[in-house]
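Structure, as structure tokens:
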There are 2 protein chains.
Amino acid sequence: MTRAAPERHDDILAAAGRRFAQSGYRGTSLQDIAADVGCSKAAVLYHFADKKAILAELVARPIDQLRELDERIAATSSPAEAQRVAAEGYVDLAVQFRRETAFLRGEFPGLFQQPPFSHLQHIPDRLVRAFAGHSDRPAARVSALVILAGIAETCGEFIDLPEAELRPALLALVRRALEPVN
Amino acid sequence: MTRAAPERHDDILAAAGRRFAQSGYRGTSLQDIAADVGCSKAAVLYHFADKKAILAELVARPIDQLRELDERIAATSSPAEAQRVAAEGYVDLAVQFRRETAFLRGEFPGLFQQPPFSHLQHIPDRLVRAFAGHSDRPAARVSALVILAGIAETCGEFIDLPEAELRPALLALVRRALEPVN
DNA sequence: AGCATGCCTGACCGATCGGTCAGATGCCGA
DNA sequence: TCGGCATCTGACCGATCGGTCAGGCATGCT
């Protein structure tokens, strides 16, 4: 029954990703993950320090790229350019990390307000402001949040749709929805 | 400490609504609700049969109106009319039930697949199809789902924004985003 | 005064949660 | 062949969950 460590590690990560996407972090038990992998709950906790560590590793890469996008947005020189960079960057990110993004967004309010995720809380702010065209008008902020939340929550439902179809569809929608706000 | 039953009932409902919106159904315990109301956990279960009954009563009115909107969409005679009815009806519904809609959408996949909510599962289908302009193209379906999911999840963040500002902002966004799809 | 009823409490229940631990098993180099 | 290390298991822990129950305490009717 023994299995090489790296494979087991990745198996657990993959199983947790599927479960989290379907039932949320709180709605998934270590027992569920272990059952999917085909090992005991204790084996899961041999490869990961605790349940939060699984989540942390699962969202590490999308979070890193979100932070990188944040810096690219900060480096722009006009609201229009910021919006373009934000739109294309976020769509790419959401498509690339379809499964993670969906539950990452869903768990954000409740889970990412406490350690060890607290420092990530401010990152989406610049994204929202860029989408809103640096406008403080409620209408612009509503539009930005609807699009952002919609992309995040929707992408998980299109796991099987090839990127070649999903990405342009999202980009076209974002451009149509946001351009008149400028 | 004794309080007239109808007021307690409504107090519990209101407290549960706030908690569910913030932490989700699974993330809220009966103890949390009882603490907010200022009574014991047993008192909560005196007014409601079980935890699910609180959720059921909380979403009964928005669900009823969602079903009613579903019928109004079915009664239309063209895709364009269906989309107009769906857009205005859903925006009204989302704005009116800002708090409920946010977590109702969030809990849908996991919770509303099992009794006593199973029969509600198919209702959003016609809404999505109407938004997509009765098109089967992935791009149209992506647009429809992004807008629907975005509205539902975003509305909860604008509890304090008056309807007079939120409603037209959402309607304008929906019109801009969906009209070119036809 | 006595009694019934409505509202509520603290104590308790079994189930499940995340997490720990001692020990079993298998593999690999010396 | 043997010892050591990595991997894994079953049993167990305390905490918390949703839910139950017997009884207390008002209030109001007879």
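Here is the naming used below: chain letters follow the sequence lines, and residue numbers restart at 1 for every chain. Because only heavy atoms are used, hydrogens play no part in the values below, and waters and symmetry mates are left out as well, while side chains stay in.
- The nearest whole Å value for the distance from the NZ atom in Lys52(B) to the P atom in dC17(D) is 17 Å.
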Just the atom pairs and distances: protein N or O near nucleotides 20-22 of chain D's N or O, under 3.5 Å.
none

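- Comparing dG18(C), dG18(D), dC8(D) by their nearest atom to the side chain of Ala43(A) picks out dC8(D).
- At distances below 3.5 Å, at least one donor-acceptor pair connects side-chain atoms of Lys51(B) with backbone N or O atoms of Thr28(B).
- Atom C1' of nucleotide dG18(D) and atom CZ of Phe20(B) are separated by 12 Å, given to the nearest angstrom.
- Note: CD (Glu7(B)) to C1' (dG6(C)) measures 14 Å, nearest angstrom.
- The distance from the CG atom of Asp64(B) to the CG atom of Asp70(B) is 12.5 Å, given to the nearest 0.5 Å.
- Whole-Å rounding puts the Lys51(B) NZ to dT16(D) C1' distance at 12 Å.
- Evaluated for a side chain to side chain contact (heavy atoms under 4.5 Å, CB included) with Ile54(B), the options Leu45(B), Val59(B), Leu30(B) yield exactly one hit, Leu30(B).
- Protein atom CZ of Phe48(A) is 12 Å distant from nucleotide atom P of dC8(D), rounded to whole Å.
- Judged by distance alone, with hydrogens and angles left aside, the side-chain atoms of Arg167(A) form no donor-acceptor pair with the main-chain N or O of Ala164(A) at under 3.5 Å.
- Dashed line: the shortest gap from a side-chain N or O of Ser40(A) to OP1 or OP2 of dG10(D) is not under 4.0 Å.
- As a whole-Å value, the separation of Arg19(A) CZ from dC17(C) P is 11 Å.
- Remark: side-chain polar atoms of Glu165(A) are not paired, donor with acceptor, to backbone N or O of Leu161(A) under 3.5 angstrom.
- An OP1 or OP2 oxygen of dT7(D) is reached within less than 4.0 angstrom by a side-chain nitrogen or oxygen of Tyr46(A).
- Listed by first then second residue, pairs satisfying salt bridge (Lys or Arg N to Asp or Glu O under 4.0 Å) with a partner in residues 29-39 of chain B read Arg19(B)-Asp36(B), not counting sequence neighbours.
- At least one side-chain nitrogen or oxygen of His47(B) sits closer than 4.0 Å to the OP1 or OP2 atom of dC8(C).
- The only option from Arg126(A), Arg129(A), Glu68(A) that meets the side chain to side chain contact (heavy atoms under 4.5 Å, CB included) definition with Ile73(A) turns out to be Arg126(A).
- Contact annotation: Arg8(A) side-chain N/O to dC8(D) OP1/OP2 distance is under 4.0 Å.
- Rounded to a whole Å, the NE2 atom of His9(B) is 17 Å from the C1' atom of dC8(C).
- Across the protein-nucleic acid pair, Gln31(A) atom CD and dA15(C) atom C1' stand 13 Å apart, rounded to whole Å.
- Of the candidates dA6(D), dC8(C), dG18(C), dG18(C) carries the atom nearest the Leu30(A) side chain, counting heavy atoms from C-beta on.
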